[in-house]
Protein chains: 2
Amino acid sequence: MSDSITAVEHEVLAAVLQVRTHVLQVLLWQRARKPDAGRWSSRPGGRLGPDEDVEHSIRRQLAEKVDVRQLSHVEQLSVFSAPDRRPDTRMVATAFLGLVPSHVDPAVPEDTSWHPVDRLPETAFDHRAIVERARGRLRAKLSYTNIGFAIAPPEFTISELRTHYSAALGYTVSATNLQRVLARRGVLEPTGETAPPGRAGGRPAALFRFAAGGLEVTDQFAVLRPPAGPYARSSVR
Amino acid sequence: MSDSITAVEHEVLAAVLQVRTHVLQVLLWQRARKPDAGRWSSRPGGRLGPDEDVEHSIRRQLAEKVDVRQLSHVEQLSVFSAPDRRPDTRMVATAFLGLVPSHVDPAVPEDTSWHPVDRLPETAFDHRAIVERARGRLRAKLSYTNIGFAIAPPEFTISELRTHYSAALGYTVSATNLQRVLARRGVLEPTGETAPPGRAGGRPAALFRFAAGGLEVTDQFAVLRPPAGPYARSSVR
DNA sequence: CACAGTTTTCGCTTAGTAGTCGAAAACCCC
DNA sequence: GGGGTTTTCGACTACTAAGCGAAAACTGTG
């Protein structure tokens, strides 16, 4: 195990996603400097500091670009570590997924802007793969967690929620089914209020919110469950 | 963004799991040196080399301890980066899950040994958390992927498979149900052969294998699916 | 103010999948 | 051949998702 003691540099970066104008978009930053100048990359791409873990680091660095309070969710995606992922230096990256709810429009610096995830510009390094990974994670989790809370505003009608899910998933979902699936899981709760109908009329829509205590239901959907009935008699040997 | 240029050191390590004597066990190494000597830690804990990505690194380092060809599956878990996770140095770790199928018994060095995951000895640093993470990932994926291939031998009877699943999940599963769930997903295929019955007799069990092309079915189980029927007429606006 | 147009909501039905139970099948040994 | 043993299979139940259409609740117009 004769490893050289050369420590590799470590950056943290995040694909920040938001549903804007009914389309899932990612916040990208146009590189001005040296390698891959002009191309777009995920924000931020800061180095990991000596006294922080990667979660702190990404939040600290995001705070320089976006108001952190407007981030509804941040989670680790994966390590990207191909030796040649950057032409200039050897740099290992821990990538994150960041989500911004649709009702806010965070102020972002001049050199950053939003791009639809399915029409990305020329990206720097492996940032396209990172965005893809983020999109994939969001999609998967919409299916089996309550992560919808992180893309939706605090209160919403079912059809609004439907457009958010549709945008994030990339296909239209049925409002009826969405309503029922989420309701059954107990993650949706009616506020009692209704939203005023649009100018064309129509029945006023009931308002809902995601149930409190809600961050990440995850699990409880396992498919080979522990037995209920007592066939555990013939124990497993 | 005035980060110091001090690069942090980066290690890769793996929780290697195997079902042994009907119990899920993890391969641990007893530390001889400096910090936390005497405690048990995940193998290996080597530094990331300058010309390799983390996946290569973990396989290279595992190869020093276990025959890599006997590893049926390796996947990235998460980055562990708390500044104080080791008392001696600042070290960021990329943790992996490694799986060994039950029909092999890899030769391991003197200072390593297998331990049941639900009765771990005193572990070094944050290695208990890493093992827990690995166990959790395996459990979850048994539910919705074909990752069973990685803990089971190439051919097996349903009851054998059942004991493997039960050991890994931590509770007994029904053989009938396991059979059908996996069969429906098309991941199980009969070899046509049967296993000889035990000394007590009994109907000879049919042999199965995991269907080829099989690594990681993952997905295809999404719960808010794209619409089949044409209610996509009222497109999403 | 009745009526057409619109949007949401709800109930009914179908389909697909998981879990439980018990009986039949296929073997051993005596 | 009979008792004991293990596997396999079919039948039944339960639960959840999906699809469809009718009813509810509103706006605006003639």
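Residue numbering restarts at 1 for every chain, and letters A, B, ... go by the order of the sequence lines.
When rounded to the nearest whole Å, the span between CZ of Phe156(A) and P of dT9(C) equals 12 Å. Distance, Glu160(B) CD to dT6(D) P: 14 Å, rounded to whole Å. As a whole-Å value, the separation of Asn177(A) CG from dT13(C) C1' is 14 Å. Whole-Å rounding puts the Ile158(B) CD1 to dA25(C) P distance at 20 Å. Rounded to whole angstrom, the span from the CZ atom of Arg184(A) across to the P atom of dA14(D) amounts to 15 Å. Atoms CG (Leu178(A)) and C1' (dC10(C)) sit 15 Å apart, rounded to a whole Å. Whole-Å rounding puts the Arg162(B) CZ to dT20(C) C1' distance at 14 Å. As rounded to whole Å, 12 Å separates atom P of dT9(C) from atom CG of Leu161(A).
If Val181(A) and Gly198(A) are placed on DNA chain D by their nearest nucleotide, the residue sitting closer to the 5' end is Val181(A). The residue among Pro197(A) and Leu207(B) whose nearest nucleotide of DNA chain D is located toward the 5' end is Leu207(B).
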Could you go over nucleotides 1-4 of chain D and give all protein N or O partners under 3.5 Å, atom names and distances?
none

Sort me out a list of protein N/O and nucleotides 9-12 of chain D N/O pairs below 3.5 Å, or just none if empty.
unit_1  : atom_1 : unit_2    : atom_2 : d
dC9(D)  : N4     : Thr176(B) : OG1    : 3.2
dA11(D) : N6     : Arg180(B) : NH1    : 3.3

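For the residue pair Ser78(B)/Gln76(A), the side-chain donor-acceptor check at 3.5 Å is satisfied.
Taking only side-chain nitrogens and oxygens, Arg185(A) comes nearer than 4.0 Å to OP1 or OP2 of dA17(D). OP1 or OP2 of dA18(D) has not a single side-chain nitrogen or oxygen of Ser174(A) nearer than 4.0 Å.
If you check dA18(D), dT27(D), dT9(C) against the side chain of Ala206(A), the one that comes closest is dT9(C).
Remark: His115(A) NE2 is packed, more than 12 non-hydrogen atoms of other residues, nucleotides or ligands lying under 6.0 Å away.
Scored by the side-chain hydrogen bond (donor to acceptor under 3.5 Å, both in side chains) test, Gln25(B) finds no partners at all (sequence neighbours excluded). For Arg133(A), the salt bridge (charged side-chain N to carboxylate O under 4.0 Å, His left out) test picks out no residue, with sequence neighbours left out. Residues meeting the side-chain hydrogen bond (donor to acceptor under 3.5 Å, both in side chains) test with Arg180(A), sequence neighbours left out: Asn177(A).
Ion pairing of Arg137(A) with Glu75(A) is present here, as a side-chain N (NZ or NE/NH1/NH2) and a carboxylate O approach within less than 4.0 Å.
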Using a 3.5 Å cut-off and no angle test, enumerate the donor-acceptor pairs between side-chain atoms of residues 93-102 of chain B and protein atoms at least two apart in sequence or in another chain.
unit_1    : atom_1 : unit_2    : atom_2 : d
Thr94(B)  : OG1    : His10(B)  : NE2    : 2.7
Ser102(B) : OG     : His164(B) : NE2    : 2.6

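Atom CG of Leu142(A) and atom OG of Ser166(A) lie 10.5 Å apart (nearest 0.5 Å). For the atom pair Trp29(B) CH2 and Leu13(B) CG, the distance stands at 10.5 Å (nearest 0.5 Å).
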